[in-house]
Amino acid sequence: MKPVTVKDLVERFSLEVLAGHSELHRPITKTKAHRPGLEFVGYFEYFPQAHVQLLGRKEITYLHKLSENERNLHIGNIVKYHPPCFVVTRNQEGLKYLTKYCEEEHIPLLRTAAPTSKFQDLVDLYLSKSLAQEIAVHGVCVNVSGIGILLRGKSGVGKSETAHTLIHRGHRLVADDIVVLKKISPETLLGTHNGKTKEFLALRSIGLVNVSRLYGRKAFQDETRIVLDIELTKWQEHALNNDLELEPKFTEYMDIKIPHIEIQLQPGRDVAGLVEAAANNWYLRQQGYSAAEEFMQRLQNSND
């Protein structure tokens, strides 16, 4: 998890700084912005003080209607908890009283022209990704027909070459060599690059290629939800590879189980095609269809 500061928020969303210019280094540690409503009427028992505090038209209009003494009391009660920052939406004005308190308590006061609900959604998404638990794994991440796949295997097994073939077939590269996995929720694993390797694919005997420059922007995307973990391994002569339906296997990343498939390599095998088949088969299973179950049902019907 990378640290996020108020300055990161300012730069990401081009926010105007109205107060607390010297306090932009303050850390943000919680993923969701909070709109203080009950707090303005004096209820602080469950006040999420470590969250970004969002002031929309409803909150600012309420403050404008209060008397000066009431306004000072309510704002004074909130700022003493020292939240990381306040963000006023819709470019609302008449904020001298709020600016005064934020300057006195050294709290950044920010402003955006964006509507409140839209800005809250964007901030929540940004913080959930930026503050997510993450690990880095060796492999290649691709998006095949909208399905995020992590390709793993020993060095030199052919992961990058397989990704290159998939790109030629219209699919997208997300990350090569180092894949950053982020736990966005208890069930959601996001795959992305580490920034340094963005758009680069390392091909043996060729070197580094920039897939966006070589094949256009459609060949790359920044991130994808990982739903399949595919391991490329060397061919084993005496292994059983013709089961109708293998027992489900999973790989666990940060307590999230991802379906695992092993594809054994052999000269002449269309590995990229097998990856496509695995992706499409996963999609069908999500729709409730199993080819093996249908086949077994046909056998049973033929014996009846």
Side-chain angles (χ1 to χ4, degrees), residues 134-184 187-212 214-215 218-236 239 241 246-254 256-286:
E134 66 178 48
I135 59 172
V137 299
H138 176 65
V140 177
C141 182
V142 289
N143 184 283
V144 177
S145 300
I147 296 169
I149 296 175
L150 179 63
L151 294 176
R152 296 186 300 108
K154 293 183 178 180
S155 181
V157 77
K159 300 182 295 296
S160 298
E161 290 79 1
T162 300
H164 183 254
T165 303
L166 288 167
I167 291 169
H168 260 291
R169 296 184 180 186
H171 307 297
R172 296 177 176 179
L173 174 72
V174 176
D176 182 39
D177 189 35
I178 298 174
V179 181
V180 178
L181 300 178
K182 295 189 175 188
K183 184 179 180 180
I184 303 301
E187 298 84 26
T188 306
L189 193 67
L190 199 68
T192 186
H193 52 81
N194 65 357
K196 297 177 182 178
T197 61
K198 180 180 179 179
E199 301 174 320
F200 286 120
L201 185 65
L203 299 173
R204 290 178 181 270
S205 303
I206 303 296
L208 279 178
V209 298
N210 185 310
V211 297
S212 295
L214 209 57
Y215 303 113
K218 66 178 182 179
F220 173 81
Q221 69 180 59
D222 266 312
E223 59 190 29
T224 187
R225 181 188 174 192
I226 303 294
V227 298
L228 274 179
D229 176 77
I230 296 181
E231 183 178 6
L232 305 182
T233 63
K234 292 183 178 180
W235 183 267
Q236 299 176 30
N241 299 297
L246 294 173
E247 282 294 320
K249 295 181 180 179
F250 298 90
T251 306
E252 195 168 292
Y253 299 101
M254 294 175 287
I256 298 178
K257 290 185 176 181
I258 304 296
H260 170 81
I261 296 173
E262 179 182 335
I263 295 180
Q264 295 188 11
L265 306 181
Q266 191 181 47
R269 289 199 98 188
D270 180 9
V271 180
L274 292 174
V275 172
E276 288 178 318
N280 292 330
N281 202 44
W282 176 87
Y283 177 79
L284 288 175
R285 290 194 67 86
Q286 303 313 298

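Side chains are part of it too, since the values below use all heavy atoms of this structure and drop only hydrogens, waters and symmetry mates. Not measured: the values here are computed from a predicted model. Residues: numbered from 1 along the sequence shown.
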Work out which heavy atom in [X] is nearest to a heavy atom in [Y]; give both atom names and the distance.
{"X": "F220", "Y": "S212", "result": "CB-OG, 3.5 Å"}
{"X": "A163", "Y": "V140", "result": "CB-CG1, 3.7 Å"}
{"X": "A279", "Y": "V144", "result": "CB-CG1, 4.0 Å"}
{"X": "Y215", "Y": "H168", "result": "OH-NE2, 3.5 Å"}

Can you tell me how far the [atom1] atom of [X] sits from the [atom2] atom of [Y], to the nearest 0.5 Å?
{"X": "L189", "Y": "I256", "atom1": "CG", "atom2": "CD1", "answer": "5.0 Å"}
{"X": "I178", "Y": "N194", "atom1": "CD1", "atom2": "CG", "answer": "5.0 Å"}
{"X": "L232", "Y": "Q264", "atom1": "CG", "atom2": "CD", "answer": "11.0 Å"}
{"X": "L190", "Y": "T224", "atom1": "CG", "atom2": "OG1", "answer": "7.5 Å"}
{"X": "R169", "Y": "I167", "atom1": "CZ", "atom2": "CD1", "answer": "12.5 Å"}
{"X": "K182", "Y": "I226", "atom1": "NZ", "atom2": "CD1", "answer": "13.0 Å"}

Residues that E161 engages under salt bridge (Lys or Arg N to Asp or Glu O under 4.0 Å), provided they are two or more places apart: none
Can any side-chain N or O of H193 pair as donor or acceptor with the backbone N or O of V180 at less than 3.5 Å? no
Output side-chain donor-acceptor pairs under 3.5 Å for residues 147-159, partner residues at least two apart or in another chain, one line each.
{"from": "R152", "atom 1": "NE", "to": "D229", "atom 2": "OD1", "distance (Å)": "2.8"}
{"from": "R152", "atom 1": "NE", "to": "D229", "atom 2": "OD2", "distance (Å)": "3.4"}
{"from": "R152", "atom 1": "NE", "to": "Y253", "atom 2": "OH", "distance (Å)": "3.0"}
{"from": "R152", "atom 1": "NH2", "to": "D229", "atom 2": "OD2", "distance (Å)": "2.8"}
{"from": "S155", "atom 1": "OG", "to": "R204", "atom 2": "NH2", "distance (Å)": "3.1"}
{"from": "K159", "atom 1": "NZ", "to": "G153", "atom 2": "O", "distance (Å)": "3.1"}
{"from": "K159", "atom 1": "NZ", "to": "K154", "atom 2": "O", "distance (Å)": "3.2"}

Tell me every residue that passes side chain to side chain donor-acceptor pair (under 3.5 Å) with [X], counting only those two or more places apart in sequence or in another chain.
{"X": "S205", "result": "none"}
{"X": "T188", "result": "S185"}
{"X": "T192", "result": "none"}
{"X": "N280", "result": "none"}

Apply side-chain contact (heavy atoms from CB on, under 4.5 Å) to residues I135 and K183 and explain how you reach the verdict. CA-CA 9 Å; I135 59 172; K183 184 179 180 180; over 6 Å; no
Side-chain touch [X]/[Y], heavy atoms, less than 4.5 angstrom:
{"X": "F200", "Y": "V209", "value": "no"}
{"X": "D177", "Y": "H138", "value": "yes"}
{"X": "I263", "Y": "R269", "value": "yes"}

Looking at L173, D176, L201, which one forms a side chain to side chain contact (heavy atoms under 4.5 Å, CB included) with H164?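 The single option meeting the side chain to side chain contact (heavy atoms under 4.5 Å, CB included) with H164 is L201.
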Under the side chain to side chain donor-acceptor pair (under 3.5 Å) criterion, do N143 and H171 qualify, and how do the steps go? CA-CA 6 Å; N143 184 283; H171 307 297; over 6 Å; no
